[in-house]
**Q** 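Starting off with a structure, shown below.
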Protein chains: 2
Amino acid sequence: MSDLLKRLRERGWRLTAQRRVVAEVLAGDHIHLTADEVHARATERLPEISRATVYNTLGELVSLGELLEVSTDHRATRYDPNARRPHHHLLCDRCGTIRDVHPTGDALSALPESERFGYTVSGVELTYRGICPDCAV
Amino acid sequence: MSDLLKRLRERGWRLTAQRRVVAEVLAGDHIHLTADEVHARATERLPEISRATVYNTLGELVSLGELLEVSTDHRATRYDPNARRPHHHLLCDRCGTIRDVHPTGDALSALPESERFGYTVSGVELTYRGICPDCAV
DNA sequence: CCCTACATTGGACAAGGTCTAAGTCAAGGC
DNA sequence: GCCTTGACTTAGACCTTGTCCAATGTAGGG
């Protein structure tokens, strides 16, 4: 966490209370909050933080490569703090819970040249779908 | 296309002019329209069709398994008529164009038991990202 | 400790999508 | 062929998510 803040400082980030709180709220594994959830949790620690600042900060962290946007459905975008460790997602179709997973193999090389249509392919996202243990009752 | 309408009729779908037009608009390969685009094209053939009906019809086709929702970014959901033929997607990060692709291998079996967290895994989506030839200039 | 460029704020705005109440019509029964 | 009825459609209000802006506040270098 303090690593993150240090890295950002080195890149010229001005360290404000708001930005620190947003970074704190996002720390951890299997964390995939929406912007509004981030705002709600940030408000607990810093009541006067505004929605606009949360959106701004999330956007900055995404462009700095510290945060990943995950859009699993037509609802709110979720933010994934594990941008520095590559991984994929396992999603519960009932409750929407997301887990980080690490499949074997290399999905990128599974796309043959003939299926690339002239695109320069730079990455691949895998989203596994299923029902989580809590919803399986 | 008439196959689709026939299948739906057998499942108790009442066949209206609006539903027929929506189905017609979605026919074809590499078609990934947003709801508003569907509405715009449907309006050309049936000027009085409403937005609500387009949304209703798209939603019904999705639950019937005839249509796939694709949410690649934080923008409008796109609808993919190739739900009956399994495939994945290749997406241009600049202009958002989507192509249907068929990678080799079985991504489902690439997720080991230890990474399933007790979920019943039923499917997997692959989204390749890159730059399309038109944007590569 | 001051200055200033950068950050934050609240509220207006926009896009995508859902809901409702009232009117319309497909299709089965006669 | 016509009636009936419950499913379908409609317009528009409304909700949620996200963006933008002008005014205000403040981190951090000098």
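Note on naming: letters A, B, ... go to the chains in the order of the sequence lines (proteins, then strands), and numbering restarts at 1 for each one.
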**Q** Tell me: OH of A/Y55 to P of D/dT17, nearest whole Å?
**A**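 After rounding, the gap between these two atoms is 7 Å.
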**Q** Using whole Å, report how far CG of B/L15 lies from C1' of D/dG6.
**A** 17 Å
**Q** Taking the side chain as every heavy atom from C-beta outward, state whether B/P103 and B/Y128 have any atom pair closer than 4.5 Å.
**A** yes
**Q** Using whole Å, report how far CG of B/N56 lies from P of D/dA7.
**A** 14 Å
**Q** Would you indicate whether B/R11, at its atom CZ, is surrounded by more than 12 heavy atoms from other residues, nucleotides or ligands within a distance under 6.0 Å?
**A** yes
**Q** Using whole Å, what does the distance between atom C1' of nucleotide C/dG28 and atom CZ of B/R9 come to?
**A** 12 Å
**Q** Taking only heavy atoms on the protein side, list every residue of residues 45-54 of chain A lying under 4.0 Å from any atom of DNA chain C, sorted numerically.
**A**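 Within this stretch, A/E48, A/I49, A/S50, A/A52, A/T53 sit under 4.0 Å of the strand.
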**Q** In whole Å, I'd like the distance from the NE2 atom of B/H39 to the C1' atom of D/dA11.
**A**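 The answer, rounded to whole Å, is 11 Å.
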**Q** Quick one: B/R14 CZ to C/dA26 C1', roughly how many Å, whole number?
**A** 5 Å
**Q** Could you check whether any side-chain heavy atom of A/L33 comes within less than 4.5 Å of a side-chain heavy atom of A/Y79, counting everything from C-beta outward?
**A** no
**Q** Without decimals, in angstroms, what is the distance between B/R19 CZ and C/dC25 C1'?
**A** 12 Å
**Q** Quick one: which of B/R45, B/R41, B/R19 gives a salt bridge (charged side-chain N to carboxylate O under 4.0 Å, His left out) with B/E24?
**A** B/R45
**Q** Taking atom P of D/dG18 as reference, at what distance in whole Å does atom CG of A/D36 sit?
**A** 8 Å
**Q** Can you find a side chain N or O atom of A/Q18 that sits less than 4.0 Å from OP1 or OP2 on C/dT9?
**A** yes
**Q** If you define the side chain from C-beta out and look only at heavy atoms, does anything of B/R99 sit under 4.5 Å from A/E115?
**A** no
**Q** Taking only side-chain nitrogens and oxygens of B/T16, does any of them come within less than 4.0 Å of OP1 or OP2 of C/dC25?
**A** no
**Q** Would you call B/E66 and B/R7 a salt bridge, taking side-chain N to carboxylate O under 4.0 Å as the test?
**A** yes
